[in-house]
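All chains are named by letter (A, B, ...) in the order of the sequence lines, taking the proteins before the strands, and each is independently numbered beginning at 1.
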There are 2 protein chains.
Amino acid sequence: MAQRNILQFIILGLIHERPLTGYDLTKAFDNDIGEFWSAKHSQIYPQLKTLEAKALLTHTDEVTGEKLTRKRYTITETGQALLNQWLRAPTPESHNGKDEFVLKLYFIQQQNDPRLRPMLIEQLMLHEQRLNHLTQQLTTKFPTGANATDFGHFLILTHAVRRERDYTVWLQDALHQL
Amino acid sequence: MAQRNILQFIILGLIHERPLTGYDLTKAFDNDIGEFWSAKHSQIYPQLKTLEAKALLTHTDEVTGEKLTRKRYTITETGQALLNQWLRAPTPESHNGKDEFVLKLYFIQQQNDPRLRPMLIEQLMLHEQRLNHLTQQLTTKFPTGANATDFGHFLILTHAVRRERDYTVWLQDALHQL
DNA sequence: CAAAAACATGTAAATAATTACATGTATAAA
DNA sequence: TTTATACATGTAATTATTTACATGTTTTTG
């Protein structure tokens, strides 16, 4: 029962831009794409093996310091073809992820329930922090706005900023209704 | 390595409102909470067994038609205590779900890439449809706005509507930048 | 009335994801 | 120089999730 294994495409997409190590790939999810996907190193390393076995990528060993050799992965032409195929294919309707906080809200019925205010305030703080961080990322990485050679990256960062801003405003509105 | 198993809380929360069958619980994810969580019946039925073994819920058999007996699940007091504990606990920062479409965008660098327009248009249609559906749900279920006894439900529906509206506007903006 | 759809409940099998365990090297900080 | 942190790469074990398989009953539709 093959599911769609999107992680393979993400890996191919990332190394298509430039060759990367397994560690680089893992760290990538701490940054911008981590707002829209998640993967741990323990998933990534076996996946790299699988993709290499399918000739979608190859690796070269490079020497760091005195002893360590790291593996740097490069996409193959076969890999590029598959990546492009994925990019061109219609994207199935997504299911919007899991928001535990929202589920909690659903189960609180009374507008005057005393649990509401602390919940909303706590989340507001988290989301404000995230909004600030993302806004900063956007101005740091794209100081003059969209540019023609990093357009997709710009788009998704604006998306993340808008999402957090909207979430923040919604939380504030909810607090005002108590 | 216990993860947090949020599904158990969702099940408890749902049957706390009123007793439900396994089938009802499964169908619940087709509706409002499905915008924020996902579960299949094959996950739900074993979970119900586990929760009953832990005395967090019980079931009664009720007769339908001539032969069929369905199981209707009711939360126990132990279950209620656990549910309340979860509701009161701080909610860990969520990871925002997986958006395949956004990942595709990330890998498209050139603003004039011919793949962009069809992608954006396709997603715009999907999200407009979803926005319409959710807006309708909101007006159908809450014709006069927030009410004091279904407040949480109202909040999350407005959240879903806003999210889709924001997504739609973002897609439109992106299209105007091509 | 027959067929289709909805209701109802499982289990098995496989993939995906997370936590845990493990080892070692190189660089930065104290 | 030593310690702490980051870099680097695995594997094992477990939980979570999805797809597949399966059977039967009741209600709705044609």
Side-chain angles (χ1 to χ4, degrees), chain A residues 1-11 15 19-31 33-34 36-54 57 59-73 92-98 100 103, chain B residues 1-11 15 19-31 34 36-53 57 59-73 92-98 100 103:
Chain A
M1 40 215 75
Q3 296 173 47
R4 296 188 56 246
N5 191 353
I6 308 303
L7 181 60
Q8 71 179 335
F9 301 123
I10 296 174
I11 290 174
I15 65 171
L20 297 169
T21 65
Y23 188 86
D24 292 331
L25 287 164
T26 303
K27 298 299 287 185
F29 291 97
D30 291 341
N31 299 308
I33 64 168
F36 299 103
W37 207 268
S38 167
K40 301 288 162 63
H41 83 272
S42 54
Q43 200 183 355
I44 290 169
Y45 283 99
Q47 188 65 245
L48 285 167
K49 263 188 162 172
T50 301
L51 294 178
E52 187 154 26
K54 289 157 123 182
L57 51 81
H59 82 267
T60 55
D61 292 311
E62 71 188 33
V63 179
T64 313
E66 302 290 326
K67 288 194 181 185
L68 189 61
T69 65
R70 66 169 66 117
K71 298 187 189 355
R72 189 166 295 276
Y73 294 91
E93 197 170 357
S94 74
H95 299 289
N96 295 287
K98 303 191 171 185
E100 187 180 342
L103 265 299
Chain B
M1 40 214 75
Q3 296 173 45
R4 299 190 51 245
N5 191 354
I6 308 302
L7 181 60
Q8 70 179 333
F9 300 123
I10 296 174
I11 290 173
I15 64 173
L20 298 169
T21 64
Y23 187 86
D24 294 331
L25 288 164
T26 303
K27 299 299 288 184
F29 291 96
D30 292 340
N31 298 310
F36 300 103
W37 207 268
S38 168
K40 300 287 160 61
H41 82 274
S42 54
Q43 199 181 357
I44 290 168
Y45 283 100
Q47 188 63 252
L48 285 168
K49 262 187 164 174
T50 301
L51 294 179
E52 188 156 23
L57 51 82
H59 81 269
T60 54
D61 292 309
E62 70 186 37
V63 179
T64 316
E66 303 290 323
K67 287 196 185 186
L68 187 61
T69 64
R70 67 168 67 116
K71 299 191 204 306
R72 189 168 295 275
Y73 294 90
E93 196 170 357
S94 73
H95 299 290
N96 296 287
K98 303 193 170 183
E100 186 179 343
L103 265 297

Let me know the distance between CG of B/D61 and P of C/dA8, rounded to the nearest Å.
-> 13 Å
Provide, to the nearest angstrom, the distance between the CG atom belonging to A/L48 and the P atom belonging to D/dT11.
-> 11 Å
Look at the side-chain N and O atoms of A/K67 and state whether any lies under 4.0 Å from the OP1 or OP2 oxygen of C/dT25.
-> yes
D/dG10 phosphate, OP1 or OP2, under 4.0 Å from A/Y45 side-chain N/O = no
Check the distance between C/dA8's P and B/H59's NE2 and give it to me in whole angstrom.
-> 15 Å
Ion pair B/E100/A/R4, N-O distance below 4.0 Å | yes
Between D/dA8, D/dT18, D/dG10, which nucleotide has the shortest distance from any of its atoms to the side chain of A/L68?
-> D/dA8
For DNA chain C, whose closest nucleotide is more 5', that of A/N5 or that of A/H41?
-> A/N5
Figure out the CD/C1' separation between B/Q3 and C/dT18, and round it to whole Å.
-> 4 Å
Among the nucleotides C/dT15, C/dA17, C/dC7, whichever has the atom closest to the side chain of A/Q43 is C/dA17
Nearest-nucleotide pick for B/E66, side chain only, options being D/dT9, C/dT18, D/dT26 = D/dT26
NZ/NE/NH1/NH2 to OD/OE distance under 4.0 Å, A/D61 and A/R72 = no
A/K40 side chain: which of C/dA8, D/dC7, C/dT18 is closest?
-> C/dT18
What integer distance in Å separates B/R70:CZ from C/dA8:P?
-> 4 Å
State whether A/Y23 places a side-chain N or O below 4.0 Å from either non-bridging phosphate oxygen (OP1 or OP2) of D/dC7.
-> yes
Any idea which heavy atoms bring B/Y73 and B/E52 closest together, and the distance?
-> CE2-OE1, 3.8 Å
Considering just the side-chain nitrogens and oxygens of A/K49, establish if one lies under 4.0 Å of OP1 or OP2 belonging to D/dT9.
-> no
Given the options A/L25, A/T21, A/I15, A/L48 meets side-chain contact (heavy atoms from CB on, under 4.5 Å) only with A/L25
Selection from D/dT11, C/dT9, D/dG10 that lies nearest to any side-chain heavy atom of A/S42 | D/dT11
Whole-Å distance, A/I10 CD1 to C/dA16 P, equals 12 Å
Between B/K27 and B/D30, is there a salt bridge with N-O shorter than 4.0 Å?
-> yes
Classify the nucleic acid contact of B/T69 as base, sugar-phosphate or nothing, counting any heavy atom under 4.0 Å across all strands shown.
-> nothing
Out of D/dT11, C/dA16, C/dA8, which nucleotide sits closest to the side chain of A/P46?
-> D/dT11
Can you check the A/D24 CG to C/dA26 P distance for me, whole Å?
-> 17 Å
Contact class for B/F29 (heavy atom, under 4.0 Å): base, sugar-phosphate, or nothing?
-> nothing
In whole angstroms, how far is the C1' atom of C/dC7 from the NZ atom of B/K27?
-> 9 Å
So does A/T21 get a side-chain nitrogen or oxygen closer than 4.0 Å to the phosphate oxygens (OP1/OP2) of D/dC7?
-> no
What nucleotide among D/dG10, C/dA8, D/dT17 has an atom nearest to a side-chain atom of A/K98?
-> D/dT17
Can any side-chain N or O of A/S38 pair as donor or acceptor with the backbone N or O of A/G34 at less than 3.5 Å?
-> no
